[in-house]
*Asks:* 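Below is a structure I'd like to ask you about.
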Amino acid sequence: MKARRIAELLRTQPIDEQVVIQGWVRTFRNNQFIAMSDGSTIKTLQVVVDRETTDPEILKRINTGAAIEAHGTLVPSQGRGQSVELVADDITIHGEADPEKYPLQPKRHSMEFLREIAHLRFRTNTFGAVFRVRHALAFAIHKFFNDEGFYYLHTPVITASDAEGAGEMFRVTTLDLHKVPMKEQGSIDFKQDFFERETNLTVSGQLEAELGALALGKVYTFGPTFRAENSNTSRHLAEFWMIEPEVAFCDLDDNMDLAEAMLKYVVSYVIRECNDDLAFLNDRFVKEEQSKPKQERSEWSLLEKLAFIVEHDFERLTYTRAIDILRNSKPNRKKKFNYVIEEWGADLQSEHERYLVEKHFKKPVILTDYPKDIKAFYMRMNDDDKTVRAMDILFPGIGEIVGGSQREERLDALKARMAEMDIPVKELYWYLDTRKFGTCPHAGYGLGFERLVQFVTGMSNIRDVIAFPRTPGNANF
RNA sequence: GCCUCCAUAGCUCAGCUGGUUAGAGCGGCGGACUGUUAAUCCGUAGGUCCAAGGUUCAAGUCCUUGUGGGGGCGCCA
């Protein structure tokens with residue numbers, strides 16, 4: 001008989017049917033009740049074994065973590081706490097989990113401990129919920145873009161251009177590091193490397209996505225991205241997944257509309273499809289908040305935060321207006337900020353972003369039209385010649401979740417900007433060609449996928465929303 | 001990269017201004033009970049107090065260095 005999944009059995013409740021389930025033991029109570037999980041849902045199915053007729057040797061091996069298969073009949077539960085249960089007539093142990101050595105117990109473990117056993121942490125309620133939600137978000141993103149007429153473009157992971165200026169890069173090479181081939185002048189001879197030139201892991205697929213957008217109209221990328229920055233925070237990874245839509249004939253307002261619609265779509269998708277997991281994560285979130293000091297505590301539960309995102313328009317304002325608000329804010333006047341805002345042109349610190357989002361507007365904020373000096377070369381210059389058509393979407397708790405812009409489509413303006421910022425024009429001839437031939441206004445943005453998962457699951461550390469986090473000094477598993 | 005905090009049983013943690021044999025809960029093992037819900041009750045075993053130096057009559061506790069980890073900041077998504 002084919003095994004069925006617990007999620008399906010709990011949904012359809014085929015009473016009196018003979019069924020088979022396969023999964024892992026969460027707890028074994030009273031030598032009689034197995035709480036069994038098969039990953040299909042956060043809920044467990046209670047398997048009732050007859051301790052009189054079941055071989056004691058089998059009973060002894062039913063421990064937390066063991067993989068088992070249960071054959072039996074689904075019946076209404078006699079106990080409280082579940083509506084149906086499986087009365088087993090046969091139990092097979094597929095794989096034991098020696099309770100003396102198995103690190104997971106039916107109790108609360110710290111996130112730090114679970115991070116050190118990342119190969120086993122999928123088996124906990126929290127990580128089961130996180131990875132089901134992560135999947136649902138990824139699926140919803142593909143569905144949203146597909147429904148909107150976008151094409152999923154696979155941009156390269158290995159890139160030769162280091163001109164993007166998005167951060168430090170990881171080198172890709174097959175050269176023998178013990179005897180690197182040198183040229184006469186003392187520089188490394190990359191002609192002998194695999195690609196016969198210097199190559200790195202991508203820090204962004206944007207430039208390539210622009211090429212696709214200027215033919216296919218609407219494209220998006222969704223792939224791994226690498227930054228060799230020595231960033232040690234709860235919101236940074238060396239390897240993370242990024243979504244980068246790029247749209248032709250699109251200005252900054254359209255771009256903001258798209259980003260806001262996408263975020264609302266995926267959040268409401270998950271609210272609809274991941275009920276049980278979100279309910280669990282919500283409880284977890286609320287408990288964690290209660291343990292924090294009062295002024296750091298979130299006013300809302302996780303579910304309230306998610307509902308709020310879907311129901312309210314994001315606040316849109318220019319950088320210039322944001323500076324005015326910040327300059328006149330209480331913490332600025334009382335010099336409570338670590339970095340006091342003195343004048344226009346200053347880069348916003350995360351304390352300022354947090355003030356705007358969490359204190360002043362109390363909703364997601366989209367900041368636009370930043371000073372050109374603090375933004376990338378490819379952003380479209382405004383008529384004031386001082387600001388560019390950039391936008392950052394700031395979310396409560398995690399800060400910047402989206403960074404995007406309208407792209408500079410005018411060849412002369414782009415070249416001038418590249419010269420000013422020492423971007424090698426020659427190397428990026430292919431990028432400039434799109435401005436030479438059939439250029440048009442276009443725009444796009446980058447969404448940090450793990451930051452989105454962080455927001456939706458309420459997990460406070462980004463290392464707990466990706467299976468095997470890569471951070472400075474850590475590439476385990 | 002900078003600033004901070006932490007490391008005690010398999011896990012979560014307590015251990016006061018340095019002072020005798022380092023504690024609890026969970027988990028393990030043995031038993032009792034049996035429709036339980038992280039089951040309960042009784043008993044029991046379990047420790048290189050992260051490592052290496054140092055101060056002291058005496059170090060889990062103080063100092064130095066190292067290792068591992070957390071949090072904050074910067075860089076960003």
Side-chain angles (χ1 to χ4, degrees), chain A residues 25-35 43-52 60 63-65 75 77-82 85 87 97-117 120 124-125 164-168 203-206 221-222 224-244 259 292 296 337-339 347-354 374-376 392-395 398-404 445-455 460-464 466 471-474 476:
Chain A
V25 176
R26 279 300 173 75
T27 62
F28 187 34
R29 292 183 290 266
N30 227 345
N31 239 5
Q32 190 179 11
F33 302 103
I34 308 169
K43 291 180 175 166
T44 53
L45 181 62
Q46 174 155 286
V47 175
V48 186
V49 298
D50 189 331
R51 72 176 167 274
E52 305 300 328
K60 233 181 155 174
N63 300 112
T64 299
V75 300
S77 179
Q78 291 173 39
R80 263 166 273 172
Q82 60 280 316
E85 62 193 18
V87 176
D98 182 346
E100 201 140 14
K101 296 184 182 137
Y102 186 58
L104 292 170
Q105 291 164 27
K107 62 169 279 188
R108 209 195 151 273
H109 295 280
S110 70
M111 287 299 122
E112 294 79 16
F113 171 66
L114 293 172
R115 229 169 270 154
E116 285 167 24
I117 51 163
L120 297 173
T124 63
N125 284 333
E164 294 159 28
E168 292 297 312
V203 292
S204 163
Q206 181 204 314
T221 72
F222 188 167
T225 309
F226 306 87
R227 305 267 167 98
E229 301 287 347
N230 193 10
S231 299
N232 294 291
T233 79
S234 57
R235 336 177 277 289
H236 286 88
L237 291 166
E239 176 183 297
F240 63 100
W241 289 67
M242 188 155 64
I243 293 106
E244 295 177 289
K292 287 185 187 169
E296 290 171 30
F337 284 141
N338 289 325
Y339 296 85
D347 210 345
L348 299 183
Q349 310 294 315
S350 55
E351 59 182 341
H352 307 129
E353 296 178 348
R354 209 171 302 145
I374 58 173
K375 287 292 179 187
D392 283 358
I393 303 186
L394 311 176
F395 264 32
I398 48 173
E400 187 177 345
I401 195 167
V402 164
Y445 61 84
L447 167 77
F449 184 56
E450 281 77 16
R451 288 190 182 172
L452 175 65
V453 180
Q454 238 189 310
F455 179 76
S460 50
N461 195 312
I462 200 164
R463 294 163 199 169
D464 300 326
I466 187 164
T471 52
N474 190 344
N476 294 332

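For the numbers below, each heavy atom of this structure counts, side chains included, while hydrogens, waters and symmetry mates do not.
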*Asks:* Given the C1' atoms of B:rU40 and B:rA22, what is the spacing between them in whole Å?
*Replies:* 29 Å
*Asks:* Looking for any heavy atom pair under 4.0 Å, which part of the strands does A:Ile243 touch: base, sugar-phosphate only, or nothing?
*Replies:* nothing
*Asks:* Go through B:rG35, B:rG25, B:rU37 for me and flag the one nearest to the A:Ser77 side chain.
*Replies:* B:rG35
*Asks:* Nearest to the side chain of A:Arg115, heavy atoms from C-beta on, is which of B:rA77, B:rG70, B:rC73?
*Replies:* B:rG70
*Asks:* Nearest whole Å is fine: how far is B:rC13 C1' from A:Met111 CE?
*Replies:* 17 Å
*Asks:* Between B:rG18 and B:rA38, how many Å separate the two P atoms, rounded to a whole number?
*Replies:* 43 Å
*Asks:* Please report, rounded to the nearest Å, how far the P atom of B:rA39 is from the CD1 atom of A:Ile34.
*Replies:* 13 Å
*Asks:* Under 3.5 Å, is there any donor-acceptor pair linking the side chain of A:His236 to the base of B:rC76?
*Replies:* yes
*Asks:* Does A:Asn461 make a side-chain N or O approach to OP1 or OP2 of B:rG71 shorter than 4.0 Å?
*Replies:* yes
*Asks:* Does any nucleotide pair with B:rC16 by Watson-Crick or G-U wobble geometry, both distances under 3.5 Å, and what is it?
*Replies:* none
*Asks:* Would you confirm whether A:His236, through its side chain, and A:Arg227, through its main-chain N or O, come within 3.5 Å as a donor-acceptor pair?
*Replies:* no
*Asks:* Between A:Val87 and A:Glu450, who's closer to the 5' end of RNA chain B by nearest nucleotide?
*Replies:* A:Val87
*Asks:* Out of B:rC29, B:rG35, B:rU37, which nucleotide sits closest to the side chain of A:Arg80?
*Replies:* B:rU37
*Asks:* Rounding to an integer number of angstrom, what distance separates B:rU17 and B:rC11 when you compare their C1' atoms?
*Replies:* 31 Å
*Asks:* Just the rounded figure in Å: distance from P of B:rG10 to CG of A:Leu120.
*Replies:* 17 Å
*Asks:* Please name the nucleotide paired to B:rG47 by Watson-Crick or G-U wobble geometry with both distances under 3.5 Å, or report none.
*Replies:* none
*Asks:* Give a yes/no answer on whether the side chain of A:Thr27 brings an N or O atom under 4.0 Å of OP1 or OP2 in B:rA39.
*Replies:* yes
*Asks:* Do side-chain atoms of A:Thr221 reach the backbone of A:Ile243 as a donor and acceptor pair under 3.5 angstrom?
*Replies:* no
*Asks:* Hey, does the side chain of A:Thr64 come within less than 4.0 Å of B:rG27's phosphate (OP1/OP2), counting only N and O?
*Replies:* no
*Asks:* Out of B:rG25, B:rU36, B:rG70, which has the shortest distance to the side chain of A:Glu85?
*Replies:* B:rU36
*Asks:* Mind calculating the distance between CG (A:Asn31) and C1' (B:rA32) to the nearest angstrom?
*Replies:* 13 Å
*Asks:* Describe the nucleic acid contact of A:Pro99 in one word from base, sugar-phosphate, nothing, applying a heavy-atom distance below 4.0 Å.
*Replies:* sugar-phosphate
*Asks:* B:rG25 P sits how many Å from A:His109 NE2, rounded?
*Replies:* 18 Å
*Asks:* Using only heavy-atom distances, decide whether a donor-acceptor pair under 3.5 angstrom links the side-chain of A:Ser231 to the base of B:rC76.
*Replies:* no
*Asks:* Can you tell me which nucleotide in B:rA77, B:rU36, B:rC11 comes closest to the side chain of A:Phe113?
*Replies:* B:rC11
*Asks:* Checking A:Glu168 side chain against A:Glu229 main chain: does a donor-acceptor pair fall under 3.5 Å?
*Replies:* no
*Asks:* Within the structure, does a side-chain N or O atom of A:Arg51 lie under 4.0 Å from either OP1 or OP2 of B:rG35?
*Replies:* no
*Asks:* Give me the distance, rounded to whole Å, that separates B:rC41 from B:rA9 when you measure between the C1' atoms they each carry.
*Replies:* 23 Å
*Asks:* B:rG70 base to A:Glu112 side chain: any donor-acceptor pair below 3.5 Å?
*Replies:* no
*Asks:* In terms of side-chain heavy atoms of A:Thr233, which of B:rG35, B:rG74, B:rC11 is nearest?
*Replies:* B:rG74
*Asks:* Using both distances under 3.5 Å as the test, list the Watson-Crick or G-U wobble partner of B:rA52, or none.
*Replies:* B:rU64
*Asks:* Using the P atom as the reference point in each nucleotide, state the distance between B:rA7 and B:rU64 in Å, no decimals.
*Replies:* 16 Å
*Asks:* Which part of the nucleic acid, if any, lies within reach of A:Gly79 when heavy atoms closer than 4.0 Å are counted: base, sugar-phosphate only, or nothing?
*Replies:* base
*Asks:* Where the side chain of A:Arg451 meets the backbone of A:Arg235, is there a donor-acceptor pair that is under 3.5 Å apart?
*Replies:* yes
*Asks:* Any donor-acceptor pair under 3.5 Å between the side chain of A:Glu229 and the base of B:rG1?
*Replies:* no
*Asks:* Given B:rC73, B:rA77, B:rC26, identify the nucleotide with an atom nearest to the side chain of A:Gln105.
*Replies:* B:rC26
*Asks:* Scan every strand shown for a Watson-Crick or G-U wobble partner of B:rG1, both distances under 3.5 Å, and answer none if you come up empty.
*Replies:* B:rC73
*Asks:* Quick one: A:Leu114 CG to B:rU12 C1', roughly how many Å, whole number?
*Replies:* 12 Å
*Asks:* Pick the C1' atom in B:rU61 and in B:rC49, then give their distance to the nearest Å.
*Replies:* 10 Å
*Asks:* Using the C1' atom in both, what is the distance from B:rA51 to B:rC6, to the nearest Å?
*Replies:* 16 Å
*Asks:* Taking pairing as Watson-Crick or G-U wobble with both contacts under 3.5 Å, can you name the mate of B:rG30, or confirm there isn't one?
*Replies:* B:rC42
*Asks:* Would you call A:Phe240 stacked on B:rA77, i.e. ring centres under 5.5 Å apart with the planes less than 30° off parallel?
*Replies:* yes
*Asks:* Checking the side chain of A:Asn474 only, and the main-chain atoms of A:Asn476 only, is there a donor and an acceptor separated by less than 3.5 Å?
*Replies:* yes
*Asks:* In this structure, how many angstroms lie between the P atom of B:rG30 and the NZ atom of A:Lys60, rounded?
*Replies:* 5 Å
*Asks:* Is A:Glu450 reaching over with its side chain to a backbone N or O of A:Trp241, donor-acceptor style, under 3.5 angstrom?
*Replies:* yes
*Asks:* Select from A:Asp347 and A:Gly81 the residue whose nearest nucleotide in RNA chain B is closer to the 5' end of that strand.
*Replies:* A:Gly81
*Asks:* Any donor-acceptor pair under 3.5 Å linking the side chain of A:Glu244 with the backbone of A:Gly205?
*Replies:* yes
*Asks:* Reckon A:Arg235 has a side-chain N or O less than 4.0 Å from the OP1 or OP2 of B:rG71?
*Replies:* no
*Asks:* Roughly how far apart, to the nearest Å, are B:rC16 and B:rC50 at atom P?
*Replies:* 14 Å
*Asks:* Nearest to the side chain of A:Asn232, which nucleotide is it out of B:rU12, B:rC73, B:rG28?
*Replies:* B:rC73
*Asks:* Give a yes-or-no answer on whether the side chains of A:Thr27 and A:Arg29 include a donor-acceptor pair shorter than 3.5 Å.
*Replies:* yes
*Asks:* Could you check how far CD of A:Glu116 sits from P of B:rU67, rounded to whole Å?
*Replies:* 16 Å
*Asks:* With respect to the phosphate group of B:rU36, does any side-chain polar atom (N or O) of A:Arg29 fall under 4.0 Å of OP1 or OP2?
*Replies:* no
*Asks:* Does a side-chain heavy-atom distance below 4.5 Å link A:Gln82 with A:Thr44?
*Replies:* no
*Asks:* Phosphate oxygens OP1/OP2 of B:rC73: is one of them under 4.0 Å from a side-chain N or O of A:Gln349?
*Replies:* no
